[in-house]
Peer 1: 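A single structure is presented below for examination.
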Amino acid sequence: MKIDISKSKKENNTESNFIWKYCLIAVFIIASTGYSFAQTADSPVAAEESKPQAKVIGLKYICVHVLELEKTLKLYREILGFKLSEAEVLHGPGLEGMLVMKLKTNDLTIGLSVTAPEFMHTIGPIGNTNHNHFMLKVSDIGPIGDKLKEEGYELENEHYVRDKYTFFVGPNGEIIGLSAWD
């Protein structure tokens, strides 16, 4: 039995050419009408991407609540090489009489907070305050604070946009500060 395949190949080839011609014509029509799959400048996603995003831009400082002043100063100043840059006594609820010493090395600041003796009984090694924390420098605190609240984090300072700082507790119990101060 002999099968003539030359005719069916020609028919298949003709059908293929026909499909390809129509595909090319469709592509040409789409391209020539100026239709675009790309986002236009006024689309919401493109506008959102062009807006600068609020983000962490550095470490502002680290704060350590001091329980043993002599050992702490020996570690940070004598062993690690930090220099005392300033010291001040704070005033206000929960801060009254607290001594804060700022130690610096290169571009890093560590704040050492010493609770006034009459309030020492209120603070434990970890403490229930923001004495042990690290402060992140942010480009714009408003959107970040808003997002944290949306995600269920409780912010210590409800006026974070005006005051340019706040604290919150991270998922591991870490106390994180955000600062938009210069």
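The residues of the chain are indexed from 1 along the displayed sequence.
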Peer 1: For a quick test of reading the model, state the closest non-hydrogen atom pair linking Pro171 to Tyr153 and the distance between them.
Peer 2: CD-OH, 3.8 Å
Peer 1: Using a strict 4.0 Å threshold on nitrogen-to-oxygen distance, state whether Glu158 and Lys149 make a salt bridge.
Peer 2: yes
Peer 1: Please check if the number of heavy atoms outside Glu154 that lie under 6.0 Å from its CD is greater than 12.
Peer 2: no
Peer 1: To the nearest 0.5 Å, tell me how far Ile79 CD1 sits from Lys71 NZ.
Peer 2: 11.0 Å
Peer 1: Which heavy-atom pair separates Ile141 from Val161 by the least distance, and what is that distance?
Peer 2: CG2-CA, 4.1 Å
Peer 1: Could you check if a side-chain atom of Lys60 sits within less than 4.5 angstrom of a side-chain atom of Phe134, using non-hydrogen atoms only?
Peer 2: no
Peer 1: Would you say Val138 ends up clustered with Phe167 if hydrophobic residues are merged whenever their side chains have heavy atoms under 4.5 Å apart, either directly or through other cluster members?
Peer 2: no
Peer 1: Got a second to check how far Lys102's NZ is from Leu84's CG, nearest 0.5 Å?
Peer 2: 11.5 Å
Peer 1: As an exercise, state the distance from CG of Leu99 to CD of Glu88, rounded to the nearest 0.5 Å.
Peer 2: 9.0 Å
Peer 1: How close do Ala54 and Ser139 get, counting heavy atoms only, and between which atoms?
Peer 2: CA-OG, 3.4 Å
Peer 1: Hydrophobic clusters here meaning ILVMFWY residues chained together by side-chain heavy-atom distances under 4.5 Å, can you tell me if Val64 and Leu108 are in one?
Peer 2: yes
Peer 1: How long is the straight-line distance from CD1 of Ile144 back to CG of Leu155, given to the nearest 0.5 Å?
Peer 2: 11.0 Å
Peer 1: Applying side chain to side chain contact (heavy atoms under 4.5 Å, CB included) between Leu112 and each of Leu73, Leu69, Val100, report the one that passes.
Peer 2: Leu73
Peer 1: Is there a side-chain contact between Tyr76 and Thr105, using heavy atoms and a 4.5 Å cut-off?
Peer 2: no
Peer 1: Consider only side-chain heavy atoms of I, L, V, M, F, W and Y, link residues closer than 4.5 Å, and tell whether Ile110 and Ile176 are in one cluster.
Peer 2: yes
Peer 1: Is Leu178 linked to Ile57 within one hydrophobic cluster, defined over Ile, Leu, Val, Met, Phe, Trp and Tyr using a side-chain heavy-atom separation of less than 4.5 Å?
Peer 2: no
Peer 1: Are Phe168 and His133, when compared by the centres of their aromatic rings, separated by less than 6.0 Å?
Peer 2: no
Peer 1: Find the distance between CG (Asp146) and OH (Tyr160) and round it off to the nearest 0.5 Å.
Peer 2: 3.5 Å
Peer 1: Same hydrophobic cluster for Leu80 and Leu67, using side-chain heavy-atom links shorter than 4.5 Å among ILVMFWY?
Peer 2: no
Peer 1: Once you round to the nearest 0.5 Å, how far does OG1 of Thr109 lie from CD of Glu86?
Peer 2: 8.5 Å
Peer 1: What pair of heavy atoms forms the shortest contact from Glu156 to Thr166, and how long is it?
Peer 2: N-OG1, 3.5 Å
Peer 1: Taking the six-membered ring for Trp, are Trp181 and Tyr165 parallel (under 30°), tilted (30 to 60°) or perpendicular (over 60°)?
Peer 2: tilted
Peer 1: Taking all heavy atoms of Met135 and all of Gly177, pick out the closest pair and write down the distance.
Peer 2: SD-C, 3.3 Å
Peer 1: Any side-chain heavy-atom pair from Leu59 and Leu136 closer than 4.5 angstrom?
Peer 2: yes
Peer 1: Indicate yes or no: at least one non-hydrogen side-chain atom of Lys137 is less than 4.5 angstrom from one of Ser179.
Peer 2: no
Peer 1: Would you say Leu103 and Tyr61 make side-chain contact, with heavy atoms under 4.5 Å?
Peer 2: no
Peer 1: Heavy atoms, side chains only, cut-off 4.5 Å: are Glu151 and Lys147 in contact?
Peer 2: yes
